[in-house]
Trainee: 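I'd like to ask you about the structure that follows.
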Amino acid sequence: MSMDAGALFLRLAVEYFSATRDAGGPVSTALDAATIAQRFDEPLPRDGRPLQEIAARVARDIVPDANRLYHPMYLGHQVSAPLPAAVWMESLTAALNQSLAVWEMSPTATMVERQLIRWMGDLAGLGPASGGTLTSGGTEATFTALLAARAALYPDAWEQGYGGRHPVILCGEHAHYAVTRAAGELGIGTRHALAIASRDHRMDPTDLAARLGALRAGNEPVLAVVATAGSTATGSFDDLDAIADLCDAHGVWLHVDGAHGASALLSPAHSAKVRGIGRARSIAWDPHKMMLLPLSAGMLLVRDSAELARAFAQRAPYLFREGVPDLGMSSFQCSRRADALKFWVTLQRYGSAGIAALYEHLCDVTRGLYELLRERRDFQTVHAPESNILCFRFIGAAHHDDALLDALNRELRERYNRSGEGWITSTVLGGRRVLRVTVMNPRTTAAHARRLVDGLAVHGRSLEGIGA
């Protein structure tokens, strides 16, 4: 019976994977949230139902209107079309149900995670004392890193709080919201997360130097500088060596948010973009982004594992024992799923070289899209891509002012996505609304990039004609 039950859901996954070979059909649903909500607006089930009925309802009510991340025209958020081997490991991980807080609750998965952290720490050049933990994603990784920075700057903060003036955190103006969120969660206050000016969408080391100098002159404590490797808005990489030089000179903790871009370490063609990352004291890295693992699979690496352990100065003798490799003493979470297993299976199946080739393909498609847009008069490129993220504007054939172009591009994104032809996002850069593409599916090719541009142009011209 259990094999039959498992086969019901395995069949749904297999059929879904099989359907992804078809590049046709809509990328996302045309339904609004209220319409979808009506499907599930029902009383709490009192009695159970046969699994066959439930599987049929999943196939009818959930799968068809989910975003099709494997569709080659899905070019939206930084969520991957995950590699199949990792997906197949997910059900076994759930069946094993190992908790990664305590070694005796997860004897093999614990050691798998420790080996993964060792591999990735070595790849980043962090040295033999390095360590880390898997996390739910980059937001938790950055928060945990800043906890470690707090323990280094305020060793008594765990028990006594800060006292006196709160420290500041310095980050680029395009830093992920995880930084200001962490400032709020740590009790520092979001107003104490100070933005450093950008130059070409990267943190400006000159402005950082001036700000660090002014803070030192005013005897203002600095908890950390957060640099970005692969920003969310444009995929840009800060100059990590220049920032590390300043942090070393001022004795300040350097954290690198490499949630998106640290995977460049795997690629000989792109690793120079993260030169200097091994000089950081902590690194956030999301394998569920550019290593194409299914959600969730985040990671925090630290140069000195002891600094991470000091971030959680806590005793729990009912769980943790001296001399045992319990991971809970270096992790924000206690009960934690064994996501290390799908990470390990992925590396075993594809190898670091295979994942690097996928990374390079995604970046190459994005570069091709950029070159295509540069050839057209009805689009305006905003930046050259450094990874797989690109922002641009539809400017049309007429001479529109910026306010009208903002409205035009906002509506163009909505209309294009509703059409089902593709799916993209948008953002604001320099005060202007832009279209934003993230190539996260290895099945997306140069032909799909051309289809995107042609489709956007058709919808854009239509909107121009009605004065949108």
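Values in this document were obtained by computation on a predicted structure and should not be read as measured data.
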Trainee: Does the D339 side chain pair with the main chain of A297, one donor and one acceptor, at a distance under 3.5 Å?
Mentor: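 Absent.
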Trainee: Under 4.5 Å between any side-chain heavy atoms of L254 and L246, yes or no?
Mentor: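 A side-chain contact under 4.5 Å is absent here.
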Trainee: Would you indicate whether the side-chain heavy atoms of Y16 and R11 approach each other to under 4.5 Å?
Mentor: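 No, too far: nothing below the 4.5 Å cut-off.
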Trainee: So, are R281 and E307 salt-bridged, with charged N and O less than 4.0 Å apart?
Mentor: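 Salt bridge between R281 and E307, a charged N being under 4.0 Å from a carboxylate O: yes.
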Trainee: Give a yes or no on whether the backbone of H77 and the side-chain of T425 come within a donor-acceptor separation of less than 3.5 Å.
Mentor: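 Absent.
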Trainee: Between L341 and L96, is a side chain to side chain contact (heavy atoms under 4.5 Å, CB included) present by the stated rule, with each step listed?
Mentor: CA-CA 11 Å; L341 298 180; L96 294 172; 4.2 Å; yes
Trainee: Given L292, which partner from the list L362, I355, T346 fulfils the side chain to side chain contact (heavy atoms under 4.5 Å, CB included) test?
Mentor: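 One option only clears the test, and that one is L362.
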Trainee: Over all heavy atoms of both residues, which pair between A124 and I277 is shortest? Give the atoms and the distance, please.
Mentor: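 Nearest heavy atoms, A124 then I277: O-CG2, 3.8 Å.
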Trainee: Once rounded to the nearest 0.5 Å, what's the spacing between atom CG of L301 and atom CG of L134?
Mentor: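 CG of L134 is found 9.0 Å from CG of L301.
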Trainee: Count the heavy atoms of every other residue, nucleotide or ligand shown that sit under 6.0 Å from CH2 of W253, and state whether that count exceeds 12.
Mentor: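 Yes, CH2 of W253 has more than 12 neighbouring heavy atoms, counting only those of other groups under 6.0 Å.
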Trainee: Rounded to the nearest 0.5 Å, what's the gap from CG on L223 to CD1 on I188? Could you check?
Mentor: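 Nearest 0.5 Å value for the CG-CD1 distance: 4.5 Å.
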Trainee: Under a 3.5 Å cutoff, is there a donor and acceptor pairing between the side chains of D257 and T228?
Mentor: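 Absent: no donor and acceptor within the cut-off.
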Trainee: Angle class for the Y70/F17 ring planes (parallel below 30°, perpendicular above 60°, tilted otherwise)?
Mentor: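 Perpendicular, since the angle between the ring planes exceeds 60°.
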Trainee: In terms of ring plane angle, is the pair F312 and F332 parallel, tilted or perpendicular, where the classes change at 30° and 60°?
Mentor: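 It falls in the tilted class, 30° to 60°.
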Trainee: Provide the closest heavy-atom pair for L265 versus L123 in the form atom of the first, atom of the second, distance.
Mentor: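 Heavy-atom minimum between the residues: CD2-O, 3.8 Å.
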Trainee: Thinking salt bridges, do D241 and R279 make one under a 4.0 Å N-O criterion?
Mentor: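 A salt bridge is present here (some side-chain N lies under 4.0 Å from a carboxylate O).
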Trainee: What verdict does the side chain to side chain contact (heavy atoms under 4.5 Å, CB included) test give for F143 and L186, after you've listed the backbone C-alpha separation in whole Å, the side-chain angles of each residue and the deciding distance to 0.1 Å?
Mentor: CA-CA 8 Å; F143 173 68; L186 287 164; 3.9 Å; yes
Trainee: Roughly how far apart are L194 CG and L208 CG, rounded to 0.5 Å?
Mentor: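 If we round to the nearest 0.5 Å, L194:CG and L208:CG are 11.0 Å apart.
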Trainee: Roughly how far apart are W285 CH2 and M291 CE, rounded to 0.5 Å?
Mentor: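 So the gap between those two atoms works out to 6.0 Å.
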Trainee: E386 and G235: which non-hydrogen atoms are nearest, and at how many Å?
Mentor: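 Taking E386 first and G235 second, the nearest heavy atoms are CB-O, 3.7 Å.
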Trainee: Could you check whether any side-chain heavy atom of V222 comes within less than 4.5 Å of a side-chain heavy atom of R211, counting everything from C-beta outward?
Mentor: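 No, every pair of side-chain atoms sits at 4.5 Å or beyond.
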Trainee: Give a yes-or-no answer on whether the side chains of S282 and H255 include a donor-acceptor pair shorter than 3.5 Å.
Mentor: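 Yes - a donor-acceptor pair under 3.5 Å links their side chains.
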Trainee: OG of S331 to CG of L100: how many Å apart, nearest 0.5 Å?
Mentor: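 CG of L100 is found 8.5 Å from OG of S331.
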Trainee: For the pair S352 (side chain) and L266 (backbone), establish whether a donor and an acceptor sit closer than 3.5 Å, ignoring hydrogens and angles.
Mentor: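 Side chain of S352 to backbone of L266, a donor-acceptor pair under 3.5 Å: no, none is there.
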Trainee: Between V225 and I196, is there a side-chain heavy-atom distance shorter than 4.5 Å?
Mentor: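 They are not in side-chain contact.
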Trainee: Determine the interplanar angle of the H383 and H201 rings, folded into 0 to 90°, and report it as parallel if under 30°, tilted if 30 to 60°, perpendicular if over 60°.
Mentor: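 Perpendicular: the ring planes of H383 and H201 meet at over 60°.
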Trainee: Could R337 and E90 be called an ion pair, given the rule that one side-chain N must be under 4.0 Å from one carboxylate O?
Mentor: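 Judged by the 4.0 Å cut-off on N to carboxylate O distance, R337 and E90 do form a salt bridge.
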Trainee: Determine yes or no for a side-chain-to-main-chain donor-acceptor pair under 3.5 angstrom, with D204 supplying the side chain and R199 the backbone.
Mentor: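 Side chain of D204 to backbone of R199: no pair is present.
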Trainee: F343 and V112: side chain to side chain contact (heavy atoms under 4.5 Å, CB included), yes or no, with the steps?
Mentor: CA-CA 9 Å; F343 192 176; V112 167; over 6 Å; no
Trainee: Return yes if some donor-acceptor pair links the side-chain N/O of H166 with the main-chain N/O of G187 below 3.5 Å, else return no.
Mentor: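 Yes; judged by distance alone, with no hydrogens or angles, the pair exists.
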Trainee: Should we count CZ of R39 as having more than 12 external heavy atoms under 6.0 Å?
Mentor: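 Enclosed: over 12 neighbouring heavy atoms sit under 6.0 Å from CZ of R39.
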Trainee: Given 3.5 Å as the limit, does a donor-acceptor pair link the side chain of S130 with the main chain of G127, or not?
Mentor: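 Yes; at least one donor-acceptor contact below 3.5 Å.
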Trainee: Could you check whether any side-chain heavy atom of T427 comes within less than 4.5 Å of a side-chain heavy atom of V434, counting everything from C-beta outward?
Mentor: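 T427 vs V434: side chains touch.
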Trainee: Could you pull out the closest heavy-atom pair between Y359 and A264, with the gap in Å?
Mentor: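 So the minimum-distance heavy-atom pair works out to OH-CB, 3.3 Å.
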Trainee: Could you pull out the closest heavy-atom pair between S80 and L69, with the gap in Å?
Mentor: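 For S80 versus L69, the nearest heavy atoms are O-CD1, 3.4 Å.
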Trainee: Taking the side chain as everything from C-beta on, heavy atoms only, tell me whether T133 gets closer than 4.5 Å to Q333.
Mentor: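 When only atoms from C-beta onward are counted, Q333 and T133 do not touch, as no gap falls below 4.5 Å.
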Trainee: State, yes or no, whether a side-chain contact exists between Y177 and T232 at a heavy-atom distance under 4.5 Å.
Mentor: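 No, side chains not in contact.
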Trainee: Within 45 degrees of the ring normal and closer than 6.0 Å to the centroid, is that where the cationic atom of R114 sits relative to W119?
Mentor: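 Because its charged atom misses either the 6.0 Å distance or the 45° angle limit, R114 does not stack over W119.
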Trainee: Please check if the side chain of H448 supplies one atom and the backbone of T444 the other of a donor-acceptor pair under 3.5 Å.
Mentor: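 No, because the side chain of H448 does not come within donor-acceptor range (under 3.5 Å) of the backbone of T444.
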Trainee: When you look at CZ of R275, are more than 12 heavy atoms from neighbouring residues, nucleotides or ligands closer to it than 6.0 Å?
Mentor: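 No.
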Trainee: Less than 4.0 Å between a side-chain N and a carboxylate O, is that true for E140 and R336?
Mentor: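 No, this pair does not count.
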Trainee: If the threshold is 4.0 Å, N to carboxylate O, is there a salt bridge linking E53 and R57?
Mentor: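 Salt bridge flag = no for R57 with E53.
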Trainee: Taking the side chain from N417 and the backbone from I424, do they hold a donor-acceptor pair closer than 3.5 Å?
Mentor: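 Checking the backbone N and O of I424 against the side chain of N417, a donor-acceptor pair under 3.5 Å is found.
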Trainee: Is there a donor-acceptor pair under 3.5 Å between the side chain of H71 and the backbone N or O of G25?
Mentor: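 Yes: the side chain of H71 pairs with the backbone of G25.
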Trainee: Side chains of T438 and Q78 only: does a donor on one sit below 3.5 Å from an acceptor on the other?
Mentor: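 Short answer, no.
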Trainee: Short question: side chain of K342, backbone of L295 - any donor-acceptor pair under 3.5 Å?
Mentor: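 Checking the backbone N and O of L295 against the side chain of K342, a donor-acceptor pair under 3.5 Å is found.
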Trainee: Run L75 and V439 through side chain to side chain contact (heavy atoms under 4.5 Å, CB included) and show every step you take.
Mentor: CA-CA 5 Å; L75 297 158; V439 183; 3.8 Å; yes
Trainee: CG/N97 to CE/M105 distance, rounded to the nearest 0.5 angstrom?
Mentor: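 So the gap between those two atoms works out to 8.5 Å.
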Trainee: Identify the two heavy atoms, one from A59 and one from P64, that lie closest to each other, and give their separation to 0.1 Å.
Mentor: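 That closest heavy-atom pairing would be O-CD, 3.1 Å.
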Trainee: Between F9 and S91, is any pair of side-chain heavy atoms under 4.5 Å apart?
Mentor: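 F9 vs S91: side chains apart.
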